[in-house]
Amino acid sequence: MSDDLFLKIIAREIPADIVYEDDEVLAFRDINPQAPLHVLVIPKRRIPTLNDVEEKDERLVGRLLNVAREIAVDAGYADDGYRVVMNCNEAAGQTVFHIHLHLLAGRALTWPPG
Ligand code: AMP
């Protein structure tokens, strides 16, 4: 899937500031950070959108949440708080069609989001 930017990051074809990696999950800093900590947590296996997540993917999607939490905790944001977001399709602002959690922390985050 050569048009998948995140597969290129996984394959090290384009650079990224990687903060976590295991066999199934990669996490790297967002190139256009919206908070002092802005990390994207992705599965290495491509799933285009949350709409495409199947029952067999439940454990993998759970791993994304656990990795996001571990990064937030390790960075010292457990008590102050942090946000984890997944955009699905254009109206929600999804621009890269390879599911990813945004982990945001380090500033007061307003609600509702824009
Ligand atoms: P979304 O709009 O939810 O699909 O999020 C896609 C995110 O990917 C945006 O926050 C972008 O800033 C980010 N992004 C795009 N290209 C790169 C890249 N080469 N390295 C890191 N983050 C990127």
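Ligands are counted one by one from 1 in listed order, and the atoms in each one are counted from 1 as well.
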Any heavy-atom pair between the side chains of Tyr20 and Phe28 that's under 4.5 Å? no
Enumerate donor-acceptor pairs with a distance under 3.5 Å from any side-chain N or O in residues 96-106 to protein atoms, sequence neighbours excluded.
{"unit_1": "His98", "atom_1": "ND1", "unit_2": "Asp4", "atom_2": "OD1", "d": "3.4"}
{"unit_1": "His98", "atom_1": "ND1", "unit_2": "Asp4", "atom_2": "OD2", "d": "2.7"}
{"unit_1": "His98", "atom_1": "NE2", "unit_2": "Pro43", "atom_2": "O", "d": "2.7"}
{"unit_1": "His100", "atom_1": "ND1", "unit_2": "His98", "atom_2": "O", "d": "2.7"}
{"unit_1": "His102", "atom_1": "ND1", "unit_2": "His38", "atom_2": "NE2", "d": "2.9"}

So the salt bridge (charged side-chain N to carboxylate O under 4.0 Å, His left out) pairs with at least one residue in residues 80-107 (sequence neighbours excluded) are none
Pairs where residues 20-39 contributes a residue and the test salt bridge (charged side-chain N to carboxylate O under 4.0 Å, His left out) is met, not counting sequence neighbours: Arg12-Glu21, Asp17-Arg29, Glu21-Lys44, Asp22-Arg63, Glu24-Arg59
Ligand 1: which residues have a non-hydrogen atom closer than 4.0 Å? Leu5, Phe6, Ile9, Phe28, Arg29, Asp30, Ile31, Asn32, Leu40, Asn87, Gly93, Gln94, Thr95, Val96, His100, His102
Of all heavy-atom pairs linking Ala68 and Val84, the shortest is CB-CG2, 4.2 Å
Would you find a donor on one side and an acceptor on the other, under 3.5 Å apart, between the side chain of Asp57 and the backbone of Glu54? yes
